[in-house]
Structures are given as C-alpha cells and as structure tokens.
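To keep things clear, I will list the structure first and then write my remarks on it.
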Amino acid sequence: MIFHSVFLQFKSDVSLEQQDHFFLEAKKLAQIPGVQSFQCLQEISPKNPFEFGLIMQFETNALYQAYSNHPDHIHFVENIWIPSVANFQEIDYTVI
C-alpha cells in the first residue's frame with residue numbers, strides 16, 4: 001500500500017471562494033482509477049505552516065504512477081494547483 005499525502009499553503013491572494021473551488025476540483029481526483037481513501041484535511045496545529053492537506057492510498061506503485069500520469073491529475077496540477085498553491089510538502093510512504 002502506498003500512502004500519498006501533500007500538505008499545502010495557499011497563495012496570499014487566494015480568496016475563500018477560490019479555496020472552495022480548489023477543494024471541489026481536488027475531490028474529483030478521487031474518481032481516478034486506483035485512488036482509495038481520498039480525503040481533504042485542514043491543519044489544526046500551529047506547529048507547521050501548512051494549512052490544508054490531501055491524502056489518498058494506492059494498492060500498488062503502478063496504480064500510483066498511473067494516477068500521477070492521468071490526464072485529470074495533470075489538468076488539476078496545471079490549472080488548479082499551480083495558480084493557487086504557494087508552498088507544499090509532498091510525502092509518499094509505505095508501511096514497514
């Protein structure tokens with residue numbers, strides 16, 4: 001199992017309406033084949049600068065790679081993510 005997570009901070013000029021649109025579009029990623037347990041998260045700890053997160057799981061690395069190369073994911077990154085996100089931390093991990 002691969003756990004894919006990305007935690008983000010929006011650009012300062014991104015409005016609440018734009019944030020809502022971002023998450024509406026992000027939730028569509030859950031429909032890409034292979035994506036499991038997709039969730040949008042809001043940070044509640046003051047220990048890091050990231051405000052929100054997206055997490056999901058994949059049964060295999062092949063499914064994760066297919067997701068990464070899927071046209072809907074590429075569209076999201078190019079048209080929603082890049083215009084909205086100032087900073088992020090991506091963490092991919094497996095269980096040991």
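In this text the structure is predicted, and so the values were computed from the model without any measurement.
Residues Q36 and E59 bring a donor and an acceptor atom of their side chains to less than 3.5 Å of each other. For the residue pair S68 and Q65, no side-chain donor N or O sits within less than 3.5 Å of a side-chain acceptor on the partner.
Q19 places no side-chain N or O within donor-acceptor distance of the main-chain N or O of L16, the cut-off being under 3.5 Å. Looking at K11, its side chain does come within 3.5 Å of a backbone N or O of I82 through a donor-acceptor pair.
Cluster membership check: I91 shares its hydrophobic cluster with V95, using side-chain heavy-atom separations under 4.5 Å among Ile, Leu, Val, Met, Phe, Trp and Tyr. Follow the hydrophobic side-chain contacts under 4.5 Å out from Y93 and you never reach I96; the two are in separate clusters. When the side chains of ILVMFWY residues are joined at heavy-atom separations under 4.5 Å, either directly or via intervening members, F88 and L41 end up in two distinct hydrophobic clusters.
Taking 4.5 Å as the limit, some side-chain heavy atom of Y67 sits within range of a side-chain heavy atom of M56. The shortest distance between side-chain heavy atoms of V35 and L29 does not fall below 4.5 Å. Put simply, the side chain of F10 reaches to within 4.5 Å of the side chain of L8, judged on heavy atoms.
Once rounded to the nearest 0.5 Å, the distance linking CD1 of I80 with CD of E25 reads 4.5 Å. Atom-to-atom distance recorded for S37:OG and F58:CZ is 10.5 Å, nearest 0.5 angstrom. Distance check: H70 NE2 to L63 CG gives 11.5 Å after rounding to the nearest 0.5 Å. One finds the CG atom of N87 at 10.0 Å from the CD atom of E51 (value rounded to the nearest 0.5 Å). To the nearest 0.5 angstrom, W81 atom CH2 is 8.5 Å from H73 atom NE2.
For C40 against L54, the heavy-atom pair with the smallest separation is SG-CD2, 3.6 Å. Between V85 and F22, the shortest heavy-atom distance links the atoms CG2-CE1, 3.9 Å. Looking at every heavy atom in both residues, G53 comes nearest to F7 through CA-CD2, 3.6 Å. The two residues I55 and S5 have their closest heavy-atom pair at CG2-CB, 3.5 Å. The heavy-atom pair separating F3 from T94 by the smallest distance is CD1-CA, 4.4 Å. P83 approaches V77 most closely through the heavy-atom pair CD-O, 4.5 Å.
By the side chain to side chain donor-acceptor pair (under 3.5 Å) test, E43 pairs with N48, sequence neighbours left out. For F38, the ring pair (Phe, Tyr, Trp, His ring centres under 6.0 Å) test picks out no residue, with sequence neighbours left out.
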